[in-house]
Trainee: 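Have a look at this one before I ask anything.
In the text below, chain A, chain B and the rest are named by the order of the sequence lines, each starting its count at 1.
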Number of protein chains: 2
Amino acid sequence: MARTAQDVTDAELSVLQMLWDHGTSSVRELTERLYKEVSLSLTATVQKLLERLEGKKYVKRDRKTWPHQFSAIVRRDELIAHQLQTTADKLCEGELNTLLTCLVKTKGLSAEDRESLRTLLDDLDSNAK
Amino acid sequence: MARTAQDVTDAELSVLQMLWDHGTSSVRELTERLYKEVSLSLTATVQKLLERLEGKKYVKRDRKTWPHQFSAIVRRDELIAHQLQTTADKLCEGELNTLLTCLVKTKGLSAEDRESLRTLLDDLDSNAK
DNA sequence: TGAAAGCCAGACGACTTGTCTTTAGTCTGT
DNA sequence: ACAGACTAAAGACAAGTCGTCTGGCTTTCA
């Protein structure tokens, strides 16, 4: 039994970052931004990464345009939340709250960090009301 | 270039869980708990996992006893914090606060969850004062 | 219609990871 | 002190991942 596949690999993530930062793009544009140069092999690499991201439903492709236009269909914070949920499942039996507590407890949060978190919680409270 | 190695793999984690739950153990004990049976190959597998965990400084081995006794040298919450930091580094440029914010924002925390978090923050405040 | 670019499928090599085999070392009861 | 049983250590191995590349095809546009 070999290792379990990662949700998003490093190379895939770097493509996603470009899509988040610059919006809908073509393969060429992405390649230029990522590698500062364009070649047959490099664009093929990006193509493959996009293909895999498309399979994972993190990116969508507009096939009606030429060249195809790619855009992210997860937001950065959604992906983060998903990753955290995965970690929670593995280490805390899915208890996100446990994980949050561990996190807040163990890592040194600054006073400002704590303050902004508290504000955030307040907002949530009033929305939920 | 292949993928970057995982911090703790699934099989390694299951060994760690046993150490967390039952404390210092021998290879045989771990094997029995994990597989409900003992064989040459299974114990060798556990042995190898322990060896790798030792290399990662997550487990220590007492070579003075026979058979060797193994124990975890990270706590569960330390490992969790480390995993989260890794995620933060990858997705938020290391900003743990950003990650926390994303998390709290995106995932539905219950009112009780929010309350316990707030209490936790209060505790931290008074300790830090 | 021919050149330039993009699309796609498949192949590849380096690496990871869980498992197993083999050999050598250590303990136990008699 | 020796047979038998167990443990330790090292390495091999298969299956899978992942980033990269090649080569053949399609589309666009001058």
Side-chain angles (χ1 to χ4, degrees), chain A residues 1-19 24-71 79 83 86 90, chain B residues 1-19 24-56 58-71 83 86 90:
Chain A
M1 194 185 315
R3 65 172 151 183
T4 54
Q6 288 181 338
D7 184 32
V8 176
T9 69
D10 290 348
E12 285 165 4
L13 184 59
S14 66
V15 172
L16 262 183
Q17 302 271 19
M18 287 300 147
L19 288 174
T24 301
S25 315
S26 66
V27 171
R28 161 170 286 266
E29 287 162 351
L30 290 170
T31 308
E32 276 168 0
R33 284 191 214 119
L34 283 169
Y35 297 97
K36 317 292 182 208
E37 62 172 298
V38 175
S39 74
L40 251 175
S41 56
L42 289 179
T43 52
T45 297
V46 174
Q47 194 92 240
K48 177 65 73 182
L49 294 173
L50 285 165
E51 180 186 314
R52 289 176 183 161
L53 281 169
E54 200 186 357
K56 292 174 184 172
K57 306 283 186 223
Y58 288 146
V59 157
K60 87 171 150 40
R61 172 197 303 245
D62 182 357
R63 291 169 187 275
K64 292 191 296 294
T65 60
W66 183 274
H68 293 178
Q69 291 294 115
F70 296 85
S71 38
L79 183 60
Q83 303 280 280
T86 304
K90 277 182 60 171
Chain B
M1 190 188 314
R3 69 164 147 184
T4 55
Q6 289 181 332
D7 184 32
V8 177
T9 69
D10 291 347
E12 285 165 5
L13 183 59
S14 66
V15 172
L16 262 184
Q17 302 272 19
M18 288 299 146
L19 287 174
T24 301
S25 315
S26 66
V27 170
R28 161 170 285 267
E29 288 162 349
L30 291 170
T31 308
E32 277 169 0
R33 285 191 213 119
L34 283 170
Y35 297 96
K36 318 292 181 206
E37 62 171 298
V38 175
S39 76
L40 247 177
S41 54
L42 289 179
T43 52
T45 297
V46 174
Q47 195 90 239
K48 178 63 73 181
L49 293 173
L50 284 165
E51 178 186 317
R52 288 176 184 161
L53 282 168
E54 199 186 358
K56 292 174 185 173
Y58 288 146
V59 157
K60 87 170 151 42
R61 172 197 306 246
D62 183 357
R63 291 169 188 274
K64 293 191 295 295
T65 61
W66 183 273
H68 294 177
Q69 292 293 117
F70 296 85
S71 37
Q83 302 281 284
T86 304
K90 279 181 61 173

Trainee: Using only side-chain N and O atoms of A/H68, determine if any of them is under 4.0 Å from OP1 or OP2 of C/dC7.
Mentor: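 For C/dC7, OP1/OP2 do have a side-chain N/O of A/H68 under 4.0 Å.
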
Trainee: Looking only at side-chain atoms of B/T9, point me to the closest of C/dG18, C/dG10, D/dT22.
Mentor: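 Selected nucleotide (nearest to the side chain): C/dG18.
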
Trainee: Can you figure out which of C/dC8, D/dT7, C/dT17 approaches the side chain of B/P67 most closely?
Mentor: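 The answer is D/dT7.
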
Trainee: Starting at atom CG of B/L16, determine the distance to atom P of C/dG18, rounded to an integer number of angstrom.
Mentor: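 About 12 Å, once rounded to whole Å.
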
Trainee: As an exercise, state the distance from CD of B/E54 to CD of B/E51, rounded to the nearest 0.5 Å.
Mentor: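 Going from the CD atom of B/E54 to the CD atom of B/E51 covers 7.5 Å.
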
Trainee: Hey, is the side chain of A/T4 poking within less than 4.0 Å of OP1 or OP2 on C/dT17, counting only N and O atoms?
Mentor: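 The answer is no; no side-chain N or O of A/T4 sits under 4.0 Å from OP1 or OP2.
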
Trainee: Under 4.0 Å between a side-chain N or O of B/R63 and OP1 or OP2 of D/dT7?
Mentor: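 So the side chain of B/R63 is outside the cut-off, no N or O lying under 4.0 Å from OP1 or OP2 of D/dT7.
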
Trainee: Contact between A/T31 and A/Q47 at the side-chain level, heavy atoms closer than 4.5 Å - yes or no?
Mentor: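 With C-beta onward as the side chain, the pair stays apart.
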
Trainee: Hey, which sits more toward the 5' end of DNA chain D by its nearest nucleotide, B/R52 or B/Q69?
Mentor: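 This one resolves to B/Q69.
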
Trainee: Quick one, give me the B/S/- string for nucleotides 22-30 of chain C, reading 5' to 3', where B means a protein heavy atom under 4.0 Å from the base and S means that only happens at the primed atoms, P, OP1 or OP2.
Mentor: ---BSS---

Trainee: Can you tell me how far P of C/dG6 sits from CG of A/L49, to the nearest Å?
Mentor: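 Going from CG in A/L49 over to P in C/dG6 covers 16 Å.
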
Trainee: Given side-chain contact (heavy atoms from CB on, under 4.5 Å), test B/Y58 with B/R52 step by step and report yes or no.
Mentor: CA-CA 9 Å; B/Y58 288 146; B/R52 288 176 184 161; over 6 Å; no

Trainee: Please list, chain by chain and in numerical order, all residues satisfying salt bridge (charged side-chain N to carboxylate O under 4.0 Å, His left out) with B/K56, sequence neighbours excluded.
Mentor: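 For B/K56 the salt bridge (charged side-chain N to carboxylate O under 4.0 Å, His left out) partners, ignoring immediate neighbours, are B/E12.
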
Trainee: Nearest whole angstrom, please: distance from the P of C/dC8 to the CG of A/L50.
Mentor: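 After rounding, the gap between these two atoms is 11 Å.
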
Trainee: Take the protein atom NZ of A/K64 and the nucleotide atom P of D/dT28, then report the distance between them rounded to whole Å.
Mentor: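 Rounded to whole Å, this separation is 14 Å.
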
Trainee: Between B/Q6 and C/dT16, does any side-chain N or O lie under 4.0 Å from OP1 or OP2?
Mentor: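 It does not, given that no N or O in the side chain of B/Q6 lies less than 4.0 Å from OP1 or OP2 of C/dT16.
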
Trainee: Mind checking the CG-CD spacing from A/L34 to A/E29? Nearest 0.5 Å is all I need.
Mentor: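 A/L34 CG to A/E29 CD: 12.0 Å, rounded to 0.5 Å.
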
Trainee: Before you tell me yes or no, could you show the steps for A/V15 and A/F70 under side-chain contact (heavy atoms from CB on, under 4.5 Å), namely the whole-Å CA-CA distance, both residues' side-chain angles and the distance that decides it to 0.1 Å?
Mentor: CA-CA 10 Å; A/V15 172; A/F70 296 85; over 6 Å; no

Trainee: What are the residues of residues 25-35 of chain A, sorted by number, that bring a heavy atom to within less than 4.0 Å of DNA chain C?
Mentor: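 A/V27, A/R28 - these, ordered by number, are the residues of the stretch whose heavy atoms sit under 4.0 Å from the strand.
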
Trainee: Hey, does A/L79 have a side-chain heavy atom less than 4.5 Å from the side chain of A/L13?
Mentor: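 Counting from C-beta outward, A/L13 and A/L79 do come under 4.5 Å.
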
Trainee: B/H68 and B/S26: side-chain contact (heavy atoms from CB on, under 4.5 Å), yes or no, with the steps?
Mentor: CA-CA 6 Å; B/H68 294 177; B/S26 66; over 6 Å; no

Trainee: Taking the nucleotide of DNA chain C with the closest heavy atom to each, which residue, B/D10 or A/E51, is nearer the 5' end?
Mentor: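 The residue whose closest nucleotide sits nearer the 5' end is A/E51.
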
Trainee: Kindly indicate, with the supporting measurements, whether the criterion side-chain contact (heavy atoms from CB on, under 4.5 Å) is fulfilled by B/L30 and B/L49.
Mentor: CA-CA 11 Å; B/L30 291 170; B/L49 293 173; over 6 Å; no

Trainee: How long is the line joining CD of B/E12 and P of C/dG18, in whole Å?
Mentor: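 So the two atoms are 6 Å apart, to the nearest Å.
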
Trainee: Would you say B/K36's side chain and B/R33's backbone share a donor-acceptor pair under 3.5 angstrom?
Mentor: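 Between the backbone of B/R33 and the side chain of B/K36 there is a qualifying donor-acceptor contact (under 3.5 Å).
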
Trainee: Between C/dC7, D/dC21, D/dT7, spot the one nearest the side chain of B/Q47, thanks.
Mentor: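 Of C/dC7, D/dC21, D/dT7, D/dT7 is nearest to the side chain of B/Q47.
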
Trainee: Could you state the CD-P distance from B/E37 to C/dC20, rounded to the nearest angstrom?
Mentor: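 In whole Å, C/dC20 P lies 10 Å from B/E37 CD.
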
Trainee: Using atom NZ of B/K48 as one end and atom C1' of D/dG11 as the other, report the distance to the nearest whole Å.
Mentor: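 Checked: the NZ to C1' distance equals 7 Å.
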
Trainee: Applying a 4.0 Å non-hydrogen cut-off, can you work out what B/T45 is touching in the nucleic acid: base, sugar-phosphate, or nothing?
Mentor: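 It contacts base atoms.
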
